[in-house]
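Below: the structure, in structure tokens.
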Amino acid sequence: SDLTYNNDKPWFTAKLRQLRQAKEDAYRYGDKVLYKQAKYTLEKEIKVAKRNYSEKPRNQFYSSDSSSLWKDYTSKDPSVKLWKFADDTTVIGLIQDGDESAYRQEVKELAVWCSHNNLEHNTLKTVEMTVDFRKNPLALPPLTIMDSTVMTVETFRFLANTISQDLKWDIHIDAIVKKAQRRLFFLRQLRKFNLPQELLKQFYTAIIEFVLCTSITIWFSSATKSDLRRLHRTVRTAERII
């Protein structure tokens, strides 16, 4: 009967299983010549299979088709959603009645899938944030990935946006205003060098306005009056420089 191995690696193909079986048959029958040949062939094909498997994700990234790397993985529970972006993934779980088993299981399976597909899960850059508007939110146990505890945070960066635990945008707006104000320094320097006004406008549009307007359709309607005044003040300062 054929032998089965529960620890077969993902690169161990059907062809390799046949070659392994042939080597074991030769050993069982005591045919040293056939065994030696079967062993050599298996080792050679294993090297080829490992190389081909490791090159697959690398080629997908180099060909600017990194999204295809994630097509094989989807969430198995309707209460858990996955947002996949090249080398960055966000797992969103709906926790009801304190039951987060589906969410934790999805995170566990994602970590295993990454290890089987030549992707290293960096737990040092992984964070967990809980959104709970109840007066007395439950204290949930920390999330662990591959025996490493994930840091719990109140804010995190998501596609150039700062998401807060209370789903407000003051921290995000504060960050982009400070970033834009730092870049005003370079606009002033260019003005001192008597750069033409048209080039100053182009610099403002590409370097400063870009920062202020990124994802503006998401957060602008929820901005407070104070935040809007800071945004307008930054724009007016740039206008005076130009």
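Position 1 is the first residue of the sequence; numbering continues from there.
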**Prompt:** Roughly how far, to the nearest 0.5 Å, is the CZ atom of Phe186 from the CZ atom of Phe203?
**Reply:** 7.0 Å

**Asked** Are side-chain heavy atoms of Arg157 and Asn161 found at a separation under 4.5 Å?
**Response** no

**Message:** Applying a strict under-4.5 Å side-chain criterion to I, L, V, M, F, W and Y, I'd like to know whether Trp169 and Ile171 cluster together.
**Reply:** no

**Asked** For the atom pair CG (Leu42) and CD (Gln18), what is the distance rounded to the nearest 0.5 Å?
**Response** 11.5 Å

**Request:** State which residue, out of Lys50, Lys23, Lys39, Lys15, fulfils the salt bridge (Lys or Arg N to Asp or Glu O under 4.0 Å) condition with Glu45.
**Result:** Lys15

**Request:** Determine the minimum heavy-atom distance between Val211 and Ile207, stating which atoms define it.
**Result:** CG2-O, 3.4 Å

**Prompt:** Atom CG in Asp170, atom CD1 in Ile173: separation rounded to 0.5 Å?
**Reply:** 7.5 Å

**Message:** I'd like to know if the side chain of Trp219 reaches the main chain of Thr214, judged simply by a donor and an acceptor atom lying under 3.5 Å from each other, with no hydrogens or angles considered.
**Reply:** yes

**Item:** Cluster overlap Leu19 with Tyr40, hydrophobic side-chain contacts below 4.5 Å
**Value:** no

**Message:** When you measure from the side chain of Thr234 to the backbone of Arg230, do you find a donor-acceptor pair of N or O atoms at a distance under 3.5 Å?
**Reply:** yes

**Message:** Check this for me: Gln37, atom CD, are more than 12 non-hydrogen atoms of other residues, nucleotides or ligands nearer than 6.0 Å?
**Reply:** no

**Message:** Please check: side-chain N/O of Asp97 versus main-chain N/O of Asp99, any donor-acceptor pairing under 3.5 Å?
**Reply:** no

**Asked** With the 4.5 Å side-chain cut-off for hydrophobic clustering, are Val91 and Leu140 part of the same group?
**Response** no

**Request:** Please check if the side chain of Ser164 supplies one atom and the backbone of Asp166 the other of a donor-acceptor pair under 3.5 Å.
**Result:** no

**Asked** Using a distance-only test with no angle check, is there a side-chain donor-acceptor pair under 3.5 angstrom linking Thr130 and Asp132?
**Response** no

**Prompt:** What are the two closest non-hydrogen atoms of Glu106 and Val80, and how far apart are they?
**Reply:** CG-CG1, 3.5 Å

**Asked** With distance as the sole test, does Asn122 use its side chain to make a donor-acceptor pair with the main-chain N or O of Leu124 at under 3.5 Å?
**Response** yes

**Fill in**
Distance col, row Asp25:CG vs Leu34:CG, nearest 0.5 angstrom, shows 9.0 Å

**Asked** Is Leu199 reachable from Leu184 through a run of I, L, V, M, F, W or Y residues, each pair having side-chain heavy atoms under 4.5 Å apart?
**Response** yes

**Asked** Counting only heavy atoms not in Gln202, do more than 12 fall under 6.0 Å of its CD?
**Response** yes

**Request:** Please state whether the rings of Phe158 and Trp83 are parallel, tilted or perpendicular, taking 30° and 60° as the class boundaries.
**Result:** perpendicular

**Request:** With rounding to the nearest 0.5 Å, note down the distance linking NZ in Lys168 to CD1 in Ile163.
**Result:** 15.0 Å

**Message:** I need the Trp113 CH2 to Thr89 OG1 distance, nearest 0.5 Å.
**Reply:** 8.0 Å

**Fill in**
Nearest heavy-atom approach of Ile145 to Thr123 is O-CG2, 3.7 Å

**Item:** Over all atoms of both residues, closest heavy-atom pair of Leu143 and Tyr103
**Value:** CD2-OH, 3.6 Å

**Prompt:** Does the pair Lys36 and Lys32 meet the rule for a side chain to side chain contact (heavy atoms under 4.5 Å, CB included), with working shown?
**Reply:** CA-CA 6 Å; Lys36 185 177 181 180; Lys32 294 183 179 180; over 6 Å; no

**Request:** Please answer: with hydrophobic residues joined when any side-chain heavy atoms are less than 4.5 Å apart, are Leu82 and Leu94 in the same cluster?
**Result:** no

**Message:** Minimum heavy-atom separation for Ile242 and Leu200, please, with both atom names.
**Reply:** CD1-O, 4.1 Å

**Request:** Kindly check if the number of other-residue, nucleotide or ligand heavy atoms within 6.0 Å of CZ (Arg191) is above 12?
**Result:** no

**Request:** Kindly determine whether Leu212 and Leu231 satisfy side chain to side chain contact (heavy atoms under 4.5 Å, CB included), including the steps that lead there.
**Result:** CA-CA 8 Å; Leu212 296 175; Leu231 290 167; 3.9 Å; yes

**Request:** Write down the atom of Val153, the atom of Met129, and the distance for their closest heavy-atom approach.
**Result:** O-CG, 3.5 Å

**Message:** Taking the side chain as everything from C-beta on, heavy atoms only, tell me whether Glu100 gets closer than 4.5 Å to Pro141.
**Reply:** yes

